[in-house]
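Structure first, commentary second.
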Amino acid sequence: MLITVNGKQKEFDKGANALDIFKELDKEAGKGAIAARLNGELVELMQPLTEDGTLEPIGFEDDGARHVMRHTASHVMASAVKTLFPGAKLAIGPAIDNGFYYDFDMPEPLTPEDLPKIEKEMQRIIKRNHREERFTLPRVEALKLMEEMNEPYKVELINDLPEDEELSFYRQGDFVDLCAGPHLPSTGRIKAFKLTSLAGAYWRGSEKNKMLQRVYGTAFNDKESLEAYLQQIEEAKKRDHRRLGRELDLFDLMEEGPGFPFFYAKGMVLRNILEDYWRKIHRKAGYEEIKTPLILNRELWEQSGHWENYRENMYTLKIDDEDYAIKPMNCPGGILAYKRRLWSYRDLPVRVGELGLVHRHEKSGALHGLMRVRAFTQDDAHLYMTKEQIKDEIMGVYHLTNQVYQAFGFPYKVELSTRPEKSVGTDEMWELSTQALKDALDELKVPYTINEGDGAFYGPKIDFHLQDSLGRSWQCGTLQLDMNLPDRFDMEYVGPDGEKHRPVMIHRTVLGSMERFIGILTEHFGGAFPLWLAPVQARILTITDRANEAARALKEQMEEAGLRVEIDLRNEKIGFKVREAQMMKIPYMLVIGDREAEEGTVSLRSRQGANVNGLSHQELIETMQKEADSRSLSPSWQAEARDK
RNA sequence: GCCAAUAUAGCUCAGCUGGUAGAGCAACGGUUUCGUAAACCGUAGGUCAAGGGUUCGAGUCCCUUUAUUGGCUCCA
């Protein structure tokens, strides 16, 4: 077979491996390689090759190669666990985004103290530099081997694999594992790793199955990169919204109300700014706003199907011996509002927004700061339209969502979820609405991934995902076509033919929930909100109490101009006051001492470190107003202005 | 809900194998009036998450409950 490496070509016997080929054709190229690509396909360095092509060495900077190393690390870990705890049964152990894990069924549960022991044993295995030998077995032999080795989970896996295939295994020293690969040529090529946490995980991801123990770890090309990664995780924890919420006095959760967050004065300022902004752009986009009741009777929830299907997630109560529920969704109330009158096709589309407070009894283990709560305000809206209007409305919602995310500088991911197994509605309707979502996304040239079968039972949906400081992804915006409720509630409009027709309904949020969005926002900015969002935009700091009067006058002037200002007249040194304002991440610190008091100016210091002395009150106020009004993400006074 | 861990002053944390609670910051009182990330001295502050048990004696050991954290499952 003819192999090319970096433009050099040579004929090799079939079965030659990448490692040997690199040695022969381009020694340098092979040196840092972890794996290789043959015609773009990932191959192991030791894997016998059988076809012509171009071979490229790939190192740790390549995602595929990183995956290979981490996958091998998971095998090394499994091997170490088997050595230390011979009763452990192996489940599965893949590489994941930032590392790897392996699931074990342990005779005695692992404790956090076991992790260093496992690491030590892994170190030993790596030092011995075992080769990763691949071999294949026909299914029957494979089953026999796993039964002999007493690995019931592997037996189950094999039984579920397709009949005719040969199954591949990897052996490193005494350790053998059923595995598709690929792997590093030998364990010694793992340069830096760390076991990061211990968790529970259901066998095959189903809560009906036994819970296994999962050990998470990560591996890197060198110790420095590993350290840098761990350091980065530590840094990210400082941006955790739960911590910042308390430190910046924005919001918090208390034991007395699990999943029911408190918003304090500063958090409310932020929240109200968001709501104002939300109302403004929705008015512009042709939405009206309504408010529907928090509590509605059982009959309504029976009609919507919630009483039957989601009862255990709803808070219910009795009023005058009748059953009621606190709303888990706004749509049934919104639909009642729609049905208050008869609509003409000329009225459509109708876009009705609601900042609706909903309550859902989330499982205790699912709660997570502001990201997953039991009471939250959805920035909901329901759009009612004819079939012909679907695509335009979808595009309209997308534009609105995109505009909002851009205003905050959020990167986001779009997912399209299609018809699930259990669903309502006709094939025709599913086809029509799924196609409408696809068409809209394609026409907008939005990159998206498809989650097959992940849609709501009543319709397909588009979800917008944002990331928190640790890279966990949270659904915020959503756009769902609903083919269930219009039927259940017998909704109609009168068409040009004078007949009654069923409107199509879109259910959507842009921010998702105010709570989650504020959580994401807090982490995104690390608490250092841009001026237009900052609960406190400036703090006036006096140097001595001779400046108090000038400081008070400035505060009054700024408040008159609509700016949010605090004043620090305490008998403390200026360094102390600056430090506190800095820790509160206040955008601008305005220092007034004898000099400024006399001149009627201020010395400005931004939290990013820009300094401007002798600034007039007029210029200060006008510039700040301009920055806030434009919703700018960067400060008016940059660090370069220092020399001014 | 499940697996594991954690819960000590407003915050961050110390308190080894059981002998009756400690620091820094914050708060309060005083001194200091100071030029850009922590002035100094002093005072007060705790049913050690809640409940039960073992023990002469429990913050420490055991059980139950609650909450939180990391995952899993779930997220209409």
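Lettering follows sequence order; numbering is per chain, from 1.
On the C1' atoms, rA9(B) is 24 Å away from rA5(B), given to the nearest whole Å. With C1' as the reference atom, rG18(B) and rC62(B) are 13 Å apart, rounded to whole Å. Taking atom P on both rU43(B) and rU69(B), the two are 38 Å apart, rounded to the nearest angstrom. rG19(B) and rA58(B): their P atoms are spaced 11 Å apart (whole Å). Distance noted for atom P between rU8(B) and rC61(B): 15 Å (whole Å). Taking atom C1' on both nucleotides, rC72(B) is separated from rU36(B) by 50 Å, rounded to a whole Å. If you take atom C1' in rU54(B) and the same atom in rC13(B), they sit 30 Å apart, rounded to whole Å. rC56(B) and rG15(B) are spaced 23 Å apart, taking the C1' atom of each and rounding to whole Å.
Using cut-offs of 30° and 60° on the angle between ring planes, the pair His75(A) and Tyr102(A) is perpendicular. Using the six-membered ring where Trp is involved, Tyr405(A) and Phe517(A) have ring planes that are parallel, under 30° apart on the 30 and 60° scheme. Ring geometry, Trp637(A) versus Tyr588(A): the interplanar angle exceeds 60°, so the pair is classed perpendicular (tilted spans 30 to 60°). Ring-plane geometry between Tyr153(A) and Trp203(A) is classed as perpendicular, the angle between the planes exceeding 60 degrees on a 0 to 90 degree scale with a lower cut at 30.
With no hydrogens or angles considered, a side-chain donor-acceptor pair links Lys577(A) and Thr542(A) at under 3.5 Å. Side-chain N/O atoms of Tyr412(A) and Gln467(A) include no donor and acceptor closer than 3.5 Å. Between the side chains of Ser513(A) and Gln378(A), no donor-acceptor pair of N or O atoms lies under 3.5 Å.
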Return a table of donor-acceptor pairs under 3.5 angstrom between the side chains of residues 305-313 of chain A and protein atoms on other chains or two or more places apart.
{"unit_1": "His306(A)", "atom_1": "ND1", "unit_2": "Ser304(A)", "atom_2": "OG", "d": "2.6"}
{"unit_1": "Asn309(A)", "atom_1": "ND2", "unit_2": "Gly305(A)", "atom_2": "O", "d": "3.2"}

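One atom, CD of Glu362(A), and another, P of rU68(B), lie 13 Å apart when rounded to the nearest Å. Atom NE2 in His359(A) sits about 18 Å away from atom P in rA76(B), given to the nearest Å. Rounded to an integer number of Å, the gap from Asp468(A) CG to rG71(B) P is 9 Å. Per the geometry, CG belonging to Leu115(A) stands 11 Å off C1' belonging to rA4(B), to the nearest Å. Glu108(A) has its CD atom 15 Å from the C1' atom of rC3(B), to the nearest Å. Here rU69(B) presents its P atom at 10 Å from CG of Asp252(A), a figure rounded to the nearest Å. One can place NE2 of His361(A) at 15 Å from C1' of rU73(B), the figure rounded to the nearest angstrom. Taking atom OH on Tyr102(A) and atom P on rC72(B), their separation rounds to 18 Å, with Å as the unit.
Looking at residues two or more places apart in sequence or on another chain, you find a ring pair (Phe, Tyr, Trp, His ring centres under 6.0 Å) between Tyr216(A) and Tyr101(A). Under the side-chain contact (heavy atoms from CB on, under 4.5 Å) criterion, Val504(A) pairs with Met385(A), Lys387(A), Ile390(A), Met429(A), Leu481(A), not counting sequence neighbours. Under the rule for a salt bridge (charged side-chain N to carboxylate O under 4.0 Å, His left out), Asp545(A) has no partner lying at least two apart in sequence or in another chain. Listed by chain and residue number, nothing satisfies the ring pair (Phe, Tyr, Trp, His ring centres under 6.0 Å) test with His465(A) (two or more places apart in sequence, or in another chain).
Two residues are said to be in side-chain contact when any heavy atoms from C-beta on lie closer than 4.5 Å; Trp301(A) and Lys327(A) meet this criterion. In this structure, Thr601(A) and Leu620(A) have side chains that are not in contact, with every pair of non-hydrogen atoms separated by 4.5 Å or more. You'll find the side chain of Leu370(A) stays beyond 4.5 Å of the side chain of Arg516(A), heavy atoms only.
Of the residues in residues 199-218 of chain A, those lying under 4.0 Å from RNA chain B by heavy-atom distance are Ala199(A), Gly200(A), Ala201(A), Tyr202(A), Gly205(A), Glu207(A), Met211(A), Arg214(A), Tyr216(A). Contacts between residues 241-250 of chain A and RNA chain B, counted as heavy-atom distances below 4.0 Å, involve Arg242(A), Arg246(A).
Sorted by first and then second residue, the side-chain hydrogen bond (donor to acceptor under 3.5 Å, both in side chains) pairs with a member in residues 364-373 of chain A read Glu362(A)-Arg372(A); sequence neighbours excluded. For residues 256-265 of chain A, no residue pair satisfies the side-chain hydrogen bond (donor to acceptor under 3.5 Å, both in side chains) rule, not counting sequence neighbours.
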Response to the item:
With sugar-phosphate taken as primed atoms, P, OP1 and OP2 and all else as base, the protein-contact string of nucleotides 33-43 of chain B at under 4.0 Å (heavy atoms; B, S, -) is BBBBBBB----
Check the interface with nucleotides 59-67 of chain B: list each N/O to N/O pair with the protein under 3.5 Å, or write none.
{"unit_1": "rU66(B)", "atom_1": "O2'", "unit_2": "Glu255(A)", "atom_2": "OE2", "d": "3.3"}
{"unit_1": "rU66(B)", "atom_1": "O2", "unit_2": "Glu255(A)", "atom_2": "OE2", "d": "3.4"}

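Counting any heavy atom pair closer than 4.0 Å across all strands shown, Ala366(A) reaches a base atom. Looking at heavy-atom distances under 4.0 Å, Tyr101(A) makes no contact with the nucleic acid at all.
Comparing Gln480(A) and Leu253(A) by the nucleotide of RNA chain B whose heavy atom lies nearest to each, the residue mapping closer to the 5' end is Leu253(A).
Phosphate proximity of rG70(B) to His368(A): present, with a side-chain N or O under 4.0 Å from OP1 or OP2.
Pairs of Watson-Crick or G-U wobble type, with distances under 3.5 Å, assemble into runs of 3 or more in RNA chain B at these ranges: B:1-7 with B:66-72, B:10-13 with B:22-25, B:27-31 with B:39-43, B:49-53 with B:61-65.
Taking the centre of each ring, His361(A) and Tyr315(A) come in below the 6.0 Å mark.
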